[in-house]
Amino acid sequence: MPKVAVYWTGGCGGCDVSFLELGPKLLDVLSQVEVVFWPALVDTKRQDLEALPGKAIDLALINGTLRTQENVEMVEVLRSKSRYVVAFGACAHLGGVPGLANLKSREELLVEVFGGGFRPTPPPGGPSEHALPELLPQTLPLAGAIPVDYVVPGCPPPPALIADLFERALAGDLPPAGHVFGKDKAVCEECPRKKEDRKLDKIVRPHELQPDGERCLLDQGMICMGPVTRGGCEAACPKAAMPCTGCLGPTPKAGDPVLAMISALASLVRAGEEGEAAFSAEDKVLDSLADPLGTLAKYSLPSFPRLARSCVPTPVRRGP
Amino acid sequence: MAAPNPGPKGPRVGVFVCYCGKNIAGTVDVKKVAEAAAGLPGVVYATTHEYMCSDPGQELVKRAIREQRLTGVVVAACSPSMHEVTFRRAAQEAGLNPYLLEIANVREQCSWVHEGPAATDKAVRIVRAMVEKVKGNHPLTPVEIGHSRTCLVIGGGIAGIQAALDVADAGFDVILVERSPTIGGRMAQLSETFPTLDCSQCILTPKMVDASRHPKIRILAYSEVEEVTGFLGNYRVRIRRKPAYVIADKCNLCGECAKVCPVRVPNEFDQGLSERAAIYIPFPQAVPSSYTLDAKNCLGLVPLTCGECAKVCEAKAIDYDMQEEIVEEEVGAIIVATGYDLYPKEAMAEYGHGTVPDVIDGLEFERLLSASGPTKGQVRRPSDGKVPREVVFIQCSGSRDPELHKPYCSKICCMYTAKHALLYRHNVHDGKAYVFYIDIRAGGKDYEEFVNRAMEDDRILYLRGKVAKVFREEDKVMVWGVDTLTGKRIEIRADLVVLAQAMVPAEGTWDLARKLRIACGSEGFLKEAHPKLRPLEALSAGIFMAGAAQGPKDIPEAVAQASGAAAKAVGILSADKLVHSPEVAEVDEDLCSGCKLCAPQCPYGAITVDEVAHVNEILCESCGTCVAACPSGAMSLRNCQDEQVVRMVQAALAEG
């Protein structure tokens, strides 16, 4: 019976819960695997993991971003004990929402959260096993610390993609390493909204508009990341009148989703005829994008740090 | 698609650096560029030549391709718009796919615009970047398309008529569209033509008849081009035929209708010097030979309001219910010959703003001289019909005046003013003519002799100088000027003043250019693709220009240009197949989500989207706008992939 491990580093826990979305299928899966390590589900400790022989685990699913030294140590142990490691969810895949913390240095972050008196120094009496684990200078996606075999993207991963992983793993039919479960085409392909009036003359945030039910959200001024984002979610958010935030990550050739989207928005923006007045009106539309990085780089900042580099003092370790 | 270069054994690139005499070598150390190129990874051969585009230079490239088994070539020379075709053809002759050859532009973008050692450094960087590009290029095959064998000629003046006749005589169908009710254009309005003084209509009307009788020419008069879509060889045009309310085949030109018509409006053909009815024929030899009812001035197209013309028309040719008609045609080539207008004399504050009745422009004088004109060829001035005893001709009126009017020379005014003066003298034996001129520009066959004839006439006085003011005094026109040769002020109490107004593009030229997606220069004349080497072509392939729409010119020049444009058009129409560069945008259908962001970005309308985007390879002009817009990276330009560009930038910016 295949041995499975599930682990959660710096994340919100949503990925662990997402397994429940499989519904009755989850029972099938659980009946066919042996869970050897899953802190959220069974009482296992680091020592238990370390006691396993090398490659004893067939499939390790790791969710969450890497924020502390302890995160890194744990995933290194998991890597050494596992045949296949899966980056599960947007945090492990790209860095995720916690990755936006990379806009600040570790020191600035601590001051911002805990106030000016906080010093990230070891407690009096020196480091002990009860000491807090050290924060990394920057959050990292999983691939920033260990080689990753597969990615199940999403925040959280859509059940269909989780099911696909288990089905193929149980059937012994895993794709070549590096595969991302999800589509190569963008969300737009799955989105039923009509794309007709391809121009952007204003930008609105979701709370400012009750969007038309039929028309593309981007055409209505919402910044929908659908065009740069991998499909596989059945366009769940746009169907529910919320713009795509890009959680499945960029399509294989999009590159940095921020740059791809900026390029697309700059192409789309139209404010009047050509000429200086139109150009400045177009600039105004683009400038009205509130929180550009939080909108365009919501999940991807640690994986595509170029834009943020000017804000960040420490160079970021790139994934393999 | 075939395997890219680097092939299985790695790339073998040859670099050929041209001296271009001193054009490149004067600033760039050509030998050093070749030496630097020789050391680049993948480069197996680098050399120089005095003139790479010469036969020995091309031979050098070809021999190296064969002997060195090159998989890619970089020619460091002038702009690819000059010799890319030359060298790609040479590469093909040597057995290398032509799209594996690239030009590194070290002349226009380097030697001509820089000096000092930095120029050589930049040339090396340009070559390095192009070597990187070539290494990523794929062999490609040109795209082939079928095309329509019909030519559209827009404008039925002498240039349009000549072009239509030449294309039709070559065996291709022609649609000749004319805005006014008849073809003939400005030339039909002229009295005689310089320098031979033959009657303009006498030499024009045979051509008009030829055009109307030619089985290959379909004349759509009183029609305008509404919309043009498509591309070289496959243009789709929508032509709006305004209703003439007279059935041309039935009209027998009896003229009874015009006699009973109660309306009188200024006659455009006589430049407003006579009147016409609302139903009219511009001149007796008009083609098509039929009356036209001008709906704007007609009392009403319902017989209840007037209906006089229909009552007297025995031929039953008048049809008040005639509707506008839209003609849609596919054409392979388009010739634009929309001609000129005169710069309005109302714009000439110094010459009375067009308010002095006996100050007229050159075309009005042509009508006064014309046997078919309002005075039957008698020179009589408009205000009181008297024969003018003293006439002042003012050249460069509105031309060569960058401060107030047009900066350019209108080219024909020196000649037609000499003609006017001679014809006036022929008409009025005791009359006296004064010609104010800045310079005499008589550069044409027999032109100088013609002007001399006018100058030698003892009752034609040429005065070198400008006229400062023209105004009315009693029934005379006062002309104040200066003779710059004697320095004397001159005052003439003239009976008539004729202004040689500047030529300007015909009204609507700009709108038409927009419909055709071709360019106009700053003065509104159509812009040619190259002022010297492609003077008849617009930048959009398959569109040509002839006559004064492209710039001021006289009849022989307009006719020559028309025949030239016709030859260019026939070149397209007669081709077995048209080819288009394969270096165009391409969709990766496995990646395209059909988001449609690209389609509205395309300035050429080349993209359509269903499930995925599709690029019309013929329409695509490789601008790359869609590639930038494509969010998912599904769109790319052939042989200009992102990875290639990145490597080119890295190579250009690398140290050393």
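By convention in this document, chain letters (A, B, ...) are assigned in the order of the sequence lines, proteins followed by strands, and residues within each chain are numbered from 1.
Atom CD of E226(B) has more than 12 heavy atoms from other residues, nucleotides or ligands within 6.0 Å.
Side-chain rings of Y408(B) and F525(B) approach one another, their centers coming within less than 6.0 Å.
When atom types are taken as modelled, the side chain of R128(B) and the backbone of L40(B) share no donor-acceptor pair closer than 3.5 angstrom. Looking only at distances, a side-chain donor or acceptor of T295(A) sits under 3.5 Å from a matching main-chain atom of D291(A). Distance alone, capped at 3.5 Å, places no donor-acceptor pair between the T338(B) side chain and the T509(B) backbone.
Evaluation of the side chain to side chain contact (heavy atoms under 4.5 Å, CB included) rule for E403(B) yields D401(B) as partners, not counting sequence neighbours.
The residue among P631(B), C626(B), A629(B), C598(B) with the most heavy atom pairs within less than 4.5 Å of chain A is P631(B). Interface remark: of the candidates C592(B), C595(B), G633(B), C595(B) forms the most heavy-atom pairs closer than 4.5 Å to chain A.
Side-chain contact, E528(B) with Q550(B): a donor N or O sits under 3.5 Å from an acceptor N or O.
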N/O donor to acceptor pairs below 3.5 angstrom from side-chain atoms of residues 149-160 of chain A, sequence neighbours left out:
residue : atom : partner : partner atom : Å
D149(A) : OD2  : R79(A)  : NH1          : 3.1
D149(A) : OD2  : R79(A)  : NH2          : 3.1
D149(A) : OD2  : V85(A)  : N            : 2.7
Y150(A) : OH   : P175(A) : O            : 2.5

Report the C-alpha distance between N639(B) and E102(B) in whole Å, list the side-chain angles of each, state the deciding distance to 0.1 Å, and finish with yes or no for side-chain hydrogen bond (donor to acceptor under 3.5 Å, both in side chains). CA-CA 10 Å; N639(B) 280 356; E102(B) 294 283 354; 5.2 Å; no
Please report the C-alpha distance between K406(B) and E523(B) in whole Å, then the side-chain angles of each, then the deciding distance to 0.1 Å, and finally whether the salt bridge (charged side-chain N to carboxylate O under 4.0 Å, His left out) criterion is met. CA-CA 8 Å; K406(B) 300 291 171 189; E523(B) 296 301 334; 3.6 Å; yes
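When heavy atoms are compared at a cutoff of 4.5 Å, V612(B) approaches chain A solely by way of its side chain, counted from C-beta outward.
Scanning residues 184-191 of chain A against chain B with a 4.5 Å non-hydrogen threshold yields D184(A), K185(A), A186(A), C188(A), E189(A), sorted by number. Among residues 227-237 of chain A, the residues having any heavy atom closer than 4.5 Å to a heavy atom of chain B are, in sequence order, P227(A), V228(A).
Salt bridge R205(A)/E208(A): absent, no basic N to carboxylate O contact under 4.0 Å.
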